[in-house]
Structures are given as C-alpha cells and as structure tokens.
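By convention in this document, chain letters (A, B, ...) are assigned in the order of the sequence lines, proteins followed by strands, and residues within each chain are numbered from 1.
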Amino acid sequence: MRLATWNVNSVKARLPRLLSWLEETGPDVVCLQETKCRADQFPADEVGELGYATAAHGEGRWNGVAVLSRVGIEDVSNGFPGEPAYEGEADGQLALDEPVMLTPEARAIGATCGGVRVWSLYAPNGRSPDSAHYLYKLAWFEALRAALEDELARGLPLVACGDYNVAPTDEDVWDPSVFVGSTHVTPAERKALAELRDLGLHDVVPTPMKGPHPYTYWDYRAGMFHKNMGMRIDLVYASEAVAGRVRSAYVDREARKGKGPSDHAPVVVDIDAADFGRTGGAPG
DNA sequence: ATGTCTACGGCACGTAGA
C-alpha cells in the first residue's frame with residue numbers, strides 16, 4: 001500500500017496539481033488537509049475519474065480534511081468523539097445564561113481503507129503561546145489522544161497522519177533560535193506528540209529528497225523553500241503493525257516547486273500491507 | 001522587505017489566517 005499525506009492549502013486552487021500528482025505518484029490512500037471547502041464542494045468527480053473514492057469533511061473558508069482511497073473507504077468518521085470547538089478570545093464575554101453551541105472545526109476525518117484505519121488530521125496552529133488558540137491546540141491534542149486510544153483498541157492497523165503543526169525536535173526546524181517563544185516547538189506541544197507515541201504510535205520519519213532534513217513545510221515568503229529553511233510538521237504516526245511493515249518513506253519536495261504550489265510537500269509511505277485486508281488477521 | 005498564498009464578500013480590493 002502506498003499512503004500519502006499532503007496539506008494542499010485549498011483543494012480547489014490546487015486541483016490541477018493534485019490530479020497530476022496523483023497520476024504520477026499513484027498512492028492508494030491519500031490524507032489531505034486544508035482543503036478549504038465544504039464536503040459538497042470537494043472535487044470528488046475529478047479524483048473519481050482517477051479511481052479514488054472520497055471522504056471529505058469541510059466547512060468552507062478554512063480548515064477541511066479528506067481521505068482519498070482506491071482500496072475502499074468505509075466507516076467514515078467526521079471529527080472524533082470529544083473533539084473541542086474553538087471558543088475564541090471572546091470567551092467569558094458571553095452572557096452566562098446564553099450557552100452557545102459551538103461546532104468543532106473540520107480538522108479530523110477517519111476512514112477504513114484496505115484494512116487500515118486511516119486518520120487525516122489538521123491540528124490547530126496555536127498562533128502564539130499566550131493566546132486562547134494555543135490552549136485550544138493543547139486541548140485538541142488531549143482529546144485526540146483519548147480518541148486514538150479508543151481507535152487503537154479496535155485492533156485494526158492504524159495511521160494518524162497530517163499537519164500536526166508541531167516540530168517534534170529541534171532538528172525539525174531550520175534554526176531553533178528563531179523559534180524561541182513561538183508555537184510549534186514548545187515543551188507542551190512536544191509533550192502532546194510524545195503522549196501520542198506513548199499509545200504505541202511510531203513516527204515514520206521520511207527520507208528527504210535533498211539535504212539532511214526531511215522538512216515538509218516552507219513558508220511562501222522570503223525564498224524560504226529556495227534556502228531550504230523549512231520545518232517537519234507533517235507527520236505519519238503509525239501503529240506497530242503498520243510501522244513494522246514500512247518499506248520506505250520520502251518527502252516529495254518536487255511537489256513544492258514551480259508555479260502555484262502548496263506551502264507543504266507530501267509525505268509518501270510504502271507499506272507491505274498485503275495481509276491487512278484479510279479478516280481474522282493479527283490485531284494491532 | 002511585514003517579501004506569499006488563499007478565501008471571502010461581492011465584483012475591487014481589503015481583511016484574516018497561515
């Protein structure tokens with residue numbers, strides 16, 4: 001099974017590149033983030049012509065996640081149980097007797113594809129460590145940890161991949177000194193990732209196509225991609241059964257080049273998964 | 001270079017988010 005994850009930064013703006021990338025790369029399962037469209041606006045017909053079924057979860061202008069699969073797509077979950085909603089900076093100014101029902105943002109979608117439980121995740125950015133958005137990010141990760149613990153208990157091989165908006169180590173940013181006081185590198189964010197790994201998930205670190213660091217994101221500004229000043233924030237967290245069958249993984253930096261790219265590159269993982277589709281196989 | 005992208009509302013370009 002060839003699995004990929006890619007923050008496309010608008011699936012509508014990226015559609016020609018997405019379609020040609022699908023044809024060239026031939027993944028069986030693709031996790032997309034920042035699709036920035038409602039489910040009914042997702043170009044399911046266009047990817048369908050290439051043989052992919054779609055599960056999409058979106059809200060319009062921001063966020064949005066999807067799973068594409070040509071090995072089946074079943075048991076779709078839009079979001080996860082306990083997923084928090086962003087209450088914003090205005091929390092506390094609302095009348096106490098006027099509870100407001102907030103809908104979680106479209107940041108997670110799960111589906112079972114070819115015998116593998118697949119999650120496409122788009123973690124909150126956090127904006128700055130003193131913001132309400134940062135607290136929301138940490139709460140979202142704690143709820144994700146609880147949800148993935150339950151998901152793993154189902155016994156299927158599992159991958160939770162996407163834009164985690166956290167660089168796991170200082171090696172995963174081009175210059176740690178630039179990030180002092182910033183999100184993506186704080187101890188609390190890295191602890192949230194460590195707690196996911198404590199569930200038995202393994203960080204599938206891809207091979208960089210160029211240079212020593214498998215960065216997956218480079219800011220559009222200031223020639224950051226040209227100078228390879230990037231970050232590794234798009235991660236594949238795989239259960240033991242999947243991690244033990246990973247043949248290879250790479251960052252497709254070619255997809256970050258040229259006119260009209262996303263600011264993220266895809267991560268592509270090849271897995272020996274011939275027996276995952278069988279019923280009655282070993283769990284986990 | 002606070003230097004780039006995107007979507008939105010609404011039809012020009014300012015604003016917000018990343």
Side-chain angles (χ1 to χ4, degrees), chain A residues 5-21 31-43 46 56-66 84-91 102-108 120-141 161-168 172-175 178-186 189 192 215-235 251-267:
Chain A
T5 182
W6 192 10
N7 178 325
V8 289
N9 188 13
S10 173
V11 72
K12 283 188 272 186
R14 214 67 59 215
L15 186 59
R17 289 186 73 120
L18 173 64
L19 295 176
S20 58
W21 180 83
C31 296
L32 300 175
Q33 301 87 36
E34 282 205 84
T35 53
K36 294 186 176 178
C37 68
R38 297 191 312 266
D40 62 287
Q41 298 171 316
F42 193 95
E46 289 87 341
H57 178 38
E59 60 195 62
R61 187 172 183 181
W62 289 307
N63 310 313
V65 284
Y86 181 51
E87 298 179 20
E89 310 286 341
D91 186 34
L102 293 165
T103 305
E105 296 171 317
R107 296 185 175 278
S120 178
L121 304 171
Y122 175 49
N125 174 282
R127 296 183 191 163
S128 76
D130 60 358
S131 71
H133 206 260
Y134 178 80
L135 297 176
Y136 161 58
K137 181 178 192 174
L138 296 180
W140 187 89
F141 270 113
C161 40
D163 180 356
Y164 279 75
N165 267 318
V166 181
D172 297 311
V173 296
W174 82 90
D175 181 356
V178 171
F179 287 85
V180 173
S182 298
T183 60
H184 294 61
V185 300
T186 64
E189 289 167 282
Y215 298 143
T216 63
Y217 163 84
W218 302 261
D219 198 295
Y220 285 124
R221 291 169 286 193
M224 298 289 269
F225 179 67
H226 181 69
K227 292 181 272 191
N228 199 26
M229 295 162 75
M231 307 170 73
R232 186 172 78 93
I233 55 175
D234 299 271
L235 308 177
V251 179
D252 186 359
R253 76 189 297 281
E254 293 300 310
R256 181 62 177 79
K257 295 180 178 178
K259 189 172 170 54
S262 170
D263 41 1
H264 296 251
V267 176

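Residues A:Y122 and A:W140 place their aromatic rings such that the two centres sit no closer than 6.0 Å.
Here A:A222 lies in heavy-atom contact (under 4.0 Å) with a base.
Side chains of A:N9 and A:K36: a donor on one and an acceptor on the other come within 3.5 Å.
B:dG17 sits 26 Å from B:dA12 when the P atoms are compared, rounded to a whole Å. Of the P atoms belonging to B:dT6 and B:dG10, the separation is 22 Å, rounded to the nearest Å.
In terms of heavy-atom proximity, A:P43 sits nearest to A:L15 at CG-CD1, 3.7 Å. Scanning both residues, A:P124 and A:H133, for their nearest heavy atoms gives CB-CE1, 3.8 Å.
Mapping A:K227 and A:K12 onto DNA chain B by nearest heavy atom places A:K227 closer to the 5' end of the strand. Residues A:G223 and A:R14 each lie close to DNA chain B; by heavy-atom proximity, the contact nearer the 5' end of the strand is made by A:G223.
Of the possible polar contacts, one joining the A:K137 side chain to the A:N165 backbone as a donor-acceptor pair under 3.5 Å is found.
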Completion exercise
Nucleotide by nucleotide, nucleotides 11-18 of chain B touches protein heavy atoms under 4.0 Å in the pattern (B base, S sugar-phosphate only, - none) ----B-SB

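Side-chain contact between A:Y164 and A:I233 is absent, with no heavy-atom pair separated by less than 4.5 Å.
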